[in-house]
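Residue numbering restarts at 1 for every chain, and letters A, B, ... go by the order of the sequence lines. What you see is a predicted model, and the numbers here were worked out from it, not measured in a lab. Computed from heavy atoms alone, side chains included, the values below leave out hydrogens, waters and symmetry copies.
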Amino acid sequence: MNVKLGKTTFRNPLVLASGTFGYGLTFPEVIEKVGALVTKGITVEERIGNPPPRIWDSAETVVNSVGLENVGLQRFQTEILPMIPTSTPVYVNLAGVDLGDFKSILQPLGQDQRIAGFELNLSCPNVKEGGAALGQSSRKVSEVTALARSLTVKPIWVKLTSNFCDVREISKAAADAGADAVVLVNTLNALVIDVEKRKPFLGAGSGGLSGPAVKPHVLYIVREISRIIDIPVIASGGVVSGLDVFEYLLAGARLVQLGSINLVDPGAALRILEELKDLFRREGVNSPTEIIGRLEDR
Amino acid sequence: MNVKLGKTTFRNPLVLASGTFGYGLTFPEVIEKVGALVTKGITVEERIGNPPPRIWDSAETVVNSVGLENVGLQRFQTEILPMIPTSTPVYVNLAGVDLGDFKSILQPLGQDQRIAGFELNLSCPNVKEGGAALGQSSRKVSEVTALARSLTVKPIWVKLTSNFCDVREISKAAADAGADAVVLVNTLNALVIDVEKRKPFLGAGSGGLSGPAVKPHVLYIVREISRIIDIPVIASGGVVSGLDVFEYLLAGARLVQLGSINLVDPGAALRILEELKDLFRREGVNSPTEIIGRLEDR
Amino acid sequence: MIRLKAPVLENRELGPGLYSLWLAIEGLNEVQPGQFFEFRIRERFLRRALSIADQKGRNLRFVLKTVGSGTQWLAQVRVGEMLDLIGPCGQGVKIPDQGPVMLLGGGVGSAPLLYLARRLSEKGIKNDAVIAACTRNELILVEEFKEVCREVIVSTDDGSSGHKGLLTEVVRTLHQTTQAKVLYACGPEPMLAALKNIGLKQPVYAFLESRMGCGMGLCVGCAVKGRDSRYHRVCLEGPVFDLTEIEL
Amino acid sequence: MIRLKAPVLENRELGPGLYSLWLAIEGLNEVQPGQFFEFRIRERFLRRALSIADQKGRNLRFVLKTVGSGTQWLAQVRVGEMLDLIGPCGQGVKIPDQGPVMLLGGGVGSAPLLYLARRLSEKGIKNDAVIAACTRNELILVEEFKEVCREVIVSTDDGSSGHKGLLTEVVRTLHQTTQAKVLYACGPEPMLAALKNIGLKQPVYAFLESRMGCGMGLCVGCAVKGRDSRYHRVCLEGPVFDLTEIEL
Ligand SMILES: Cc1cc2nc3c(=O)[nH]c(=O)nc-3n(C[C@H](O)[C@H](O)[C@H](O)COP(=O)(O)OP(=O)(O)OC[C@H]3O[C@@H](n4cnc5c(N)ncnc54)[C@H](O)[C@@H]3O)c2cc1C
Ligand SMILES: Cc1cc2nc3c(=O)[nH]c(=O)nc-3n(C[C@H](O)[C@H](O)[C@H](O)COP(=O)(O)OP(=O)(O)OC[C@H]3O[C@@H](n4cnc5c(N)ncnc54)[C@H](O)[C@@H]3O)c2cc1C
Ligand SMILES: Cc1cc2nc3c(=O)[nH]c(=O)nc-3n(C[C@H](O)[C@H](O)[C@H](O)COP(=O)(O)O)c2cc1C
Ligand SMILES: Cc1cc2nc3c(=O)[nH]c(=O)nc-3n(C[C@H](O)[C@H](O)[C@H](O)COP(=O)(O)O)c2cc1C
Ligand code: FES
Ligand code: FES
C-alpha cells in the first residue's frame with residue numbers, strides 16, 4: 001500500500017484530515033495505521049473559535065463552523081508537540097491572516113524534527129480574515145507558498161478552496177511557488193438557516209460543507225487539476241469507503257484525506273484501509289501507484 | 001403569493017427549472033399553478049444529447065449529463081411553440097457556443113408573444129463548448145448579455161455557474177450588461193466513476209451535481225450575491241420543500257426554481273406551494289416580498 | 001399515470017436476491033404489459049422502475065432483483081408498509097391479433113413477460129415461453145408461466161435445469177421459434193444484443209432498461225440510441241422497442 | 001469508549017414523542033451517570049447522543065424525545081434490531097460522599113437523573129427528585145424515581161399533575177432545596193438559565209446538551225461558553241458542568 005510523494009514514502013494513501021482528528025492525541029491504534037495525520041489548524045495566537053452551534057448535518061452532508069479553535073503557536077509548541085504521535089508522519093495545518101502570521105509560525109516550527117511537513121490552510125471558510133480570502137488569490141497563494149518554501153525544507157501541502165475562484169489557476173500558482181502538493185479541496189461555503197429566528201443557524205453565520213455528497217464534485221476537481229499541474233494532488237472530500245479512495249486514486253490523487261467520516265467513527269480509517277486492500281485484491285492491483293490517474297476516457 | 005420581478009408579476013415565487021419539466025407540454029395542472037416555467041435548453045441546431053447513462057444519484061444528490069438534448073430552433077418554432085402553455089409565463093432557456101448562436105436564436109424569438117422571457121444558459125457543465133465555458137468569463141457573460149439585451153425587450157435571466165470562477169464578478173458583469181436577473185446556480189461539475197471499468201460512469205464523461213445536498217452551498221452563494229448586485233437573484237439548487245423556498249427568500253432570492261425534485265414527483269411544485277403557504281400563515285407573512293433578503297445577521 | 005400509495009400485500013423471496021411483491025393498487029385504470037411503475041425508495045433520491053409482472057384484480061405483482069441500494073431497500077419492505085409509486089409509466093405492448101407468440105425471458109427479465117403471457121392467453125393467443133437463467137435457483141415464475149403458456153421451455157447457462165446453454169443458443173434450436181409470428185424478449189443487454197444477431201425473420205420486441213431520471217418524459221435521462229443514431233426515451237416511447245430499431 | 005452493536009430489547013412509548021429503549025450491551029466496562037452514547041442513525045450523517053437513563057446488569061436504558069429525523073428514526077427501532085453505538089462518552093458525575101442530594105429534571109432531562117438517583121441510592125445517599133414537565137402526560141419515569149429516591153416531587157407548568165408552575169419556581173419553595181448539599185439539574189436551557197438566577201447557595205451541576213460532531217473530542221463541534229469566555233467541549237469535559245462555570 002506504499003505510496004511516494006516527493007521524497008516521502010507513506011505506508012498507505014490514507015490521511016486523517018485537519019480538524020477531524022484533533023492533534024492526534026487520541027486513538028493511537030488508528031493513527032499508527034494511516035499514511036499521515038494532519039492536525040487541527042494552528043494560528044499564531046490562540047483562538048477560542050466560533051460561537052455555537054457549530055455543526056449541522058443532513059443525510060450526506062456536514063456543515064461546520066468550528067472556526068480554527070486552537071491553542072495557538074506557543075501552547076502548541078509546549079503542550080502539544082511533546083505529545084504528538086511518533087507512529088505516523090504528522091503534518092501541521094497552518095492558518096494565518098497574512099504573510100507575517102505564516103512567518104511567525106514557520107520560523108520556530110520549520111525545522112522541528114517532530115513535524116513531518118506542513119499543510120497551509122489557505123481555504124478555511126470559517127474565519128473572517130485569512131483562510132479562503134488568501135486562497136482565492138493566485139498572487140497571495142504564490143506569496144505564502146514561496147515564503148513557506150523559504151522557511152522550511154519539509155514538504156509543503158497547500159490546501160485550497162474552490163469557492164469564488166478558479167482553483168485551476170490557484171493550483172498552478174501554488175505549484176509554481178514551490179508547493180510539494182495541493183490539497184483539493186476544503187469545505188464549500190455553506191449557509192444553514194434557522195427559519196423561525198430568521199437568522200443563520202450556525203453561531204458563526206455560515207460554515208463549510210463536507211461529507212459524501214460533495215464527492216462527485218471534488219472528484220471532478222481532482223481529475224481536472226491533476227491533469228494540469230506537475231505536482232501531486234491530495235484529495236479531500238466525501239470519502240467514506242475504500243471504493244471512494246480507489247476512485248480518487250483513479251482520478252489522479254496521490255494521497256486521500258478522510259474528514260467528516262472520522263466524526264461518525266474514529267476507526268473508519270481502519271475499515272476503509274481493509275476495504276481498499278480487498279478492492280486491490282479483487283481488481284488485481286498491487287500498489288496505489290499502478291492506478292493513480294489511470295481513469296480512462298469515455 | 002405574488003412577487004414582482006422588474007415589471008413582471010408572478011403568481012408565486014416558484015419556477016420550474018430548465019431540463020426538469022421538458023418543454024412544459026405535460027402536467028398542465030402543475031404548470032398553471034407555478035410562477036413560471038423554464039424550458040429545456042434550446043440550441044440553434046438540434047442536439048441529440050450525450051450518450052447514456054446520463055443520470056446517477058445518491059440519497060441527496062443527482063448527477064446528470066443529459067447535455068442539452070433538444071429539438072433545435074427550427075422545430076422549437078414550428079412544433080413546440082404552438083403548443084407551449086399559455087397558463088403560465090414560459091421562459092426559454094437558451095444555449096449556444098458563441099455570440100452568433102445567441103443572435104440566431106434571439107432574432108427570430110426575441111419578440112415572440114408566446115415567450116415571456118429568456119434564460120441565458122451560460123453555465124451548462126454538460127457540453128464541450130459554450131455553456132459553462134462562456135459563463136466563467138466576465139467578458140463573455142457581458143457580451144452575450146448585452147447582445148441579448150439588444151435583441152429583445154423581454155426579461156433576460158442569466159443562469160450562472162459557480163465552478164472555476166468567481167461568480168460574484170460574473171454576476172456583476174451580467175447585471176451591468178443589462179440582465180434582469182441572475183439565476184444561481186447551475187449544477188456543479190461532477191465526476192462519477194465506474195471502478196470496474198476504470199472509466200467515468202456517465203456516457204458523457206462527467207455531469208452536473210444537483211439535489212438537496214447542494215442547498216447550503218447555493219444558499220450561501222445566493223445570499224452573497226444578492227447583497228452585492230442591484231438586480232434580482234433567482235435561486236436554483238436543492239429545493240425539495242416549502243421550507244427550502246422560505247430559506248431562499250430570506251437569503252435574498254426573488255424567485256426560486258425547482259429542479260431535481262420534479263423528477264421524483266412531477267406534482268412536487270403543488271405540495272411545495274402548499275407548504276410555503278402554511279409556513280407563511282404560521283410565520284405571519286403575507287407576501288414573499290416581506291421576507292426577501294430579510295435574513296438577519298447572527 | 002398517477003401518484004399513489006399502495007400497501008404491500010406480500011413480499012416473498014424467489015431465489016438469491018430475487019423477490020416477488022404484491023401490492024394493492026386503488027383507483028387505477030387498466031395497465032398494459034410492458035408498463036412499469038416508479039417506486040420511491042429510501043436511500044436514493046430518484047425513484048426506481050419495476051415492471052408489472054402480473055395482475056389479479058386490483059393487485060399488481062412486481063418481481064425484482066437486488067443490484068444496488070434501491071432494490072435492496074425494496075427487497076426488505078414488509079407486509080402492510082405503504083409504498084409511494086407513480087405509474088403506470090411507458091407504452092404498453094400492443095397485443096398482437098394472432099399467434100403463436102414466443103416469449104424469451106432471461107433472469108429477472110422473465111417477470112414482465114408473465115403479465116404479457118397472461119394477457120395473451122386471456123385473448124386466446126397461443127404463446128410459448130423460454131425461461132432462462134444462469135443457474136437453476138435463479139429461474140423464476142416457471143409455475144406461473146405454465147398456467148398461461150402453451151409450452152414453457154426452461155434453460156440454464158450451466159445446465160442445472162432444462163436445456164443447457166445461453167438462451168439465444170437454445171432459441172435457435174427450437175421448432176417454436178420458426179412457428180412464432182412475433183417474439184418478445186426481456187433480459188440483460190448482452191442477451192438482447194445476441195438475439196439481434198441470430199437472424200430471426202420475425203419481428204422481435206425488446207423490453208429495455210436504462211438508468212432513468214423521472215420515468216415520465218421530463219428529463220431525457222433514459223436515452224437509448226436508435227438505428228437512426230438519435231436517442232429515444234425509454235420511459236416514454238418505450239420501454240418496449242422493435243429490436244431492429246435500436247442500437248445495442 | 002468503544003464502538004459496539006447492541007440489540008434493542010424493548011422500545012416503549014412513554015408519552016407524546018417520548019420513548020424508552022432498553023439495549024443489551026456486551027463487553028462494556030462500568031458506566032457512570034452523566035455519560036452518554038452516540039447512536040448511528042439512518043437519515044443523518046452524524047451520530048446522535050443519548051444519555052444513560054438506567055442500567056440493569058448488562059442492559060442499558062435510554063429515554064428519548066423526538067425532535068428531528070434522528071430521534072424519530074430512533075423512536076421507531078424494533079425489538080431485535082441491532083444499533084451501532086459508540087460509548088460511554090463524556091465524564092461521569094462524581095458521586096458525592098454525602099447527601100442529601102437534590103435532582104431537578106425538566107422534560108426528557110429527567111432521564112439521566114434516574115440513573116444518577118439509582119447510583120446515589122446504591123451508595124446510600126439520600127436524594128430527592130423534582131420531576132417536571134409542561135403537562136401531565138410528558139412526565140416521565142416517576143414510578144422509577146420513586147423506587148430510588150427518598151421523595152419525588154412532581155410539577156407541571158399547567159398544574160395538570162403535582163405542583164403548578166415552572167420547575168424553578170417550585171424548587172424555590174421546597175424545604176428540600178435548603179437541605180440539599182448539592183443539586184443536579186437536567187432540562188431545557190431556559191430552565192438551567194433560570195436556575196442560575198434563583199440564588200441557590202449550594203453547587204448546582206447541570207447536564208448540558210449541545211449539537212455534537214463526534215462526541216469524542218475530535219472536532220470541537222460541541223462548544224459551550226465558560227465563565228472564562230472560553231469554549232469547553234461538552235463531549236469531553238462535560239456533559240456535566242458546574243452551573244456557575246458556564247454561560248447560558
Ligand atoms: C422500464 C424499466 C423496468 C424495469 N423493471 C424491472 C423489474 O421488473 N425488476 C427488476 O428487478 N428490475 C427492473 N428494472 C431495473 C431496475 O429499475 C434497476 O435494477 C434499479 O433501478 C437499480 O437500482 P438500485 O438502486 O438497486 O441500483 P443502483 O445502485 O442504482 O445500481 C444499478 C446498476 O448500475 C450500476 N452502477 C451504479 N452506479 C455505478 C457506478 N458508479 N459505476 C458502475 N456501475 C454503477 C450498478 O452496478 C448496478 O448494476 C427496470 C428498469 C427499467 C428502466
Ligand atoms: C450529551 C448529550 C446527551 C443527550 N441525551 C439525550 C437523552 O437522553 N434523550 C434525548 O431525548 N435527547 C438527548 N440529547 C439530545 C439529542 O441528542 C438531540 O435531541 C438529537 O441529537 C436531535 O437529533 P434529531 O436528528 O432528532 O434532530 P435535529 O433534526 O438534528 O434537530 C435538533 C434540534 O435542532 C434544531 N435545528 C436543526 N437544524 C435547524 C435549523 N436549520 N434551524 C433551526 N433549528 C434547527 C431542531 O429544531 C431541533 O430542535 C442529548 C444531547 C447531548 C449532547
Ligand atoms: C468539523 C470539521 C473541522 C474542520 N477543520 C478544519 C481545519 O481546521 N483546517 C482545515 O484545513 N480543514 C478543516 N476541515 C476540512 C476537512 O479537513 C476536509 O478538508 C473537509 O471536511 C472535506 O472532507 P470530508 O468530506 O472528508 O469531510 C474541517 C472539517 C470538519 C468537518
Ligand atoms: C436532468 C437535468 C437536466 C437539466 N437540464 C438543464 C438545462 O437544459 N439547462 C439548464 O440551464 N439547466 C439544466 N439543469 C439544471 C437545473 O435547471 C437546476 O439548475 C439544477 O438542477 C439545480 O437545481 P436542483 O438542485 O433543484 O435540481 C438540469 C438539471 C437536471 C437534474
Ligand atoms: S427518465 Fe426522464 S425522460 Fe425518461
Ligand atoms: S462533539 Fe466533537 S469534540 Fe465534542
Side-chain angles (χ1 to χ4, degrees), chain A residues 16-27 29-30 37 40-41 46-71 126 192 201-204 207 209-214 238 240 259-268 270-271, chain D residues 1-5 37-49 67-73 83-90 189 208-239 241 246-248:
Chain A
L16 300 169
S18 179
T20 64
F21 232 80
Y23 301 111
L25 307 184
T26 48
F27 304 105
E29 70 283 11
V30 178
L37 162 94
K40 178 75 194 161
E46 175 171 2
R47 285 178 69 101
I48 63 161
N50 286 325
R54 291 178 172 186
I55 207 145
W56 179 91
D57 67 335
S58 71
E60 296 190 319
T61 71
V62 173
V63 179
N64 91 83
S65 64
V66 168
L68 294 182
E69 169 166 340
N70 80 97
V71 297
N126 293 324
V192 178
F201 175 69
L202 296 172
L209 182 77
S210 59
V214 306
V240 300
S260 307
I261 191 63
N262 295 319
L263 310 188
V264 179
D265 176 10
L270 304 179
R271 169 183 57 80
Chain D
M1 182 174 34
I2 54 167
R3 181 168 173 206
L4 44 86
K5 302 257 174 198
F37 280 74
E38 284 277 347
F39 288 69
R40 187 97 173 85
I41 53 163
R42 284 241 192 81
E43 339 241 317
R44 299 295 271 271
F45 188 74
L46 299 170
R47 289 174 186 266
R48 294 294 187 263
V67 299
S69 55
T71 42
Q72 266 149 27
W73 183 82
L83 300 186
D84 169 348
L85 9 166
I86 290 183
C89 302
E189 208 176 290
L208 294 192
E209 287 187 6
S210 85
R211 285 193 84 81
M212 290 192 169
C214 63
M216 295 168 283
L218 293 174
C219 72
V220 216
C222 56
V224 60
K225 200 161 210 164
R227 201 179 42 170
D228 54 0
S229 289
R230 285 160 179 277
Y231 289 110
H232 300 275
R233 281 170 294 183
V234 173
C235 75
L236 210 67
E237 297 149 54
F241 291 88
I246 48 167
E247 270 187 25
L248 283 174

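Among Asp265(A), Thr61(A), Val240(A), the residue making the largest number of heavy-atom pairs under 4.5 Å with chain D is Asp265(A). Interface check for chain D: of the options Pro212(A), Gly203(A), Pro53(A), the most heavy-atom pairs under 4.5 Å are formed by Pro212(A).
Contact annotation for Arg40(D): only side-chain heavy atoms (C-beta onward) come within less than 4.5 Å of a heavy atom of chain A. With a threshold of 4.5 angstrom between heavy atoms, Ile261(A) approaches chain D through its backbone and through its side chain. For Ser58(A), the part lying under 4.5 angstrom from a heavy atom of chain D is the backbone only. Heavy atoms of Ser65(A) lying under 4.5 Å from chain D are absent altogether. Heavy-atom distances place the side chain of Met1(D), and not its backbone, under 4.5 Å from chain A. Contacts between Arg44(D) and chain A at a heavy-atom distance below 4.5 Å involve backbone atoms as well as side-chain atoms. Using a 4.5 Å cut-off between heavy atoms, Asp57(A) contacts chain D through both its backbone and its side chain. For Phe27(A), the part sitting under 4.5 Å from any heavy atom of chain D is the side chain, from C-beta outward, and nothing else. For Val264(A), the parts sitting under 4.5 Å from any heavy atom of chain D are the backbone and the side chain alike.
Heavy atoms of other residues, nucleotides or ligands lying less than 6.0 angstrom from CD of Glu247(D) number more than 12.
Between Lys40(A) and Tyr23(A), the closest side-chain pair of non-hydrogen atoms falls below 4.5 Å. Looking only at side-chain heavy atoms (C-beta outward), Glu69(A) and Arg47(A) stay at 4.5 Å or farther from each other. Using a 4.5 Å heavy-atom threshold, the side chains of Ile86(D) and Pro266(A) count as touching. Residues Cys89(D) and Cys235(D) form no side-chain contact, since every pair of their non-hydrogen atoms from C-beta on lies 4.5 Å or further apart. When side chains are defined from C-beta on, Val30(A) counts as touching Phe21(A), because their heavy atoms get closer than 4.5 Å.
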- Task: Start with the C-alpha gap between Thr71(D) and Arg48(D), add the side-chain angles, then the distance that decides, and say whether side-chain hydrogen bond (donor to acceptor under 3.5 Å, both in side chains) holds.
- Result: CA-CA 8 Å; Thr71(D) 42; Arg48(D) 294 294 187 263; over 6 Å; no
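Contact detail for Leu209(A) and Val63(A): the closest heavy-atom pair is CD1-CG2, 3.6 Å. Residues Arg54(A) and Ile48(A) approach most closely at NH2-O, 3.2 Å, considering heavy atoms. For Leu263(A) against Met216(D), the heavy-atom pair with the smallest separation is O-CE, 3.6 Å.
Residues of residues 224-232 of chain D lying under 4.5 angstrom from chain A, judged on non-hydrogen atoms, are Ser229(D), Arg230(D), Tyr231(D) in numerical order.
With sequence neighbours excluded, the residues that form a ring pair (Phe, Tyr, Trp, His ring centres under 6.0 Å) with Phe39(D) are Phe62(D).
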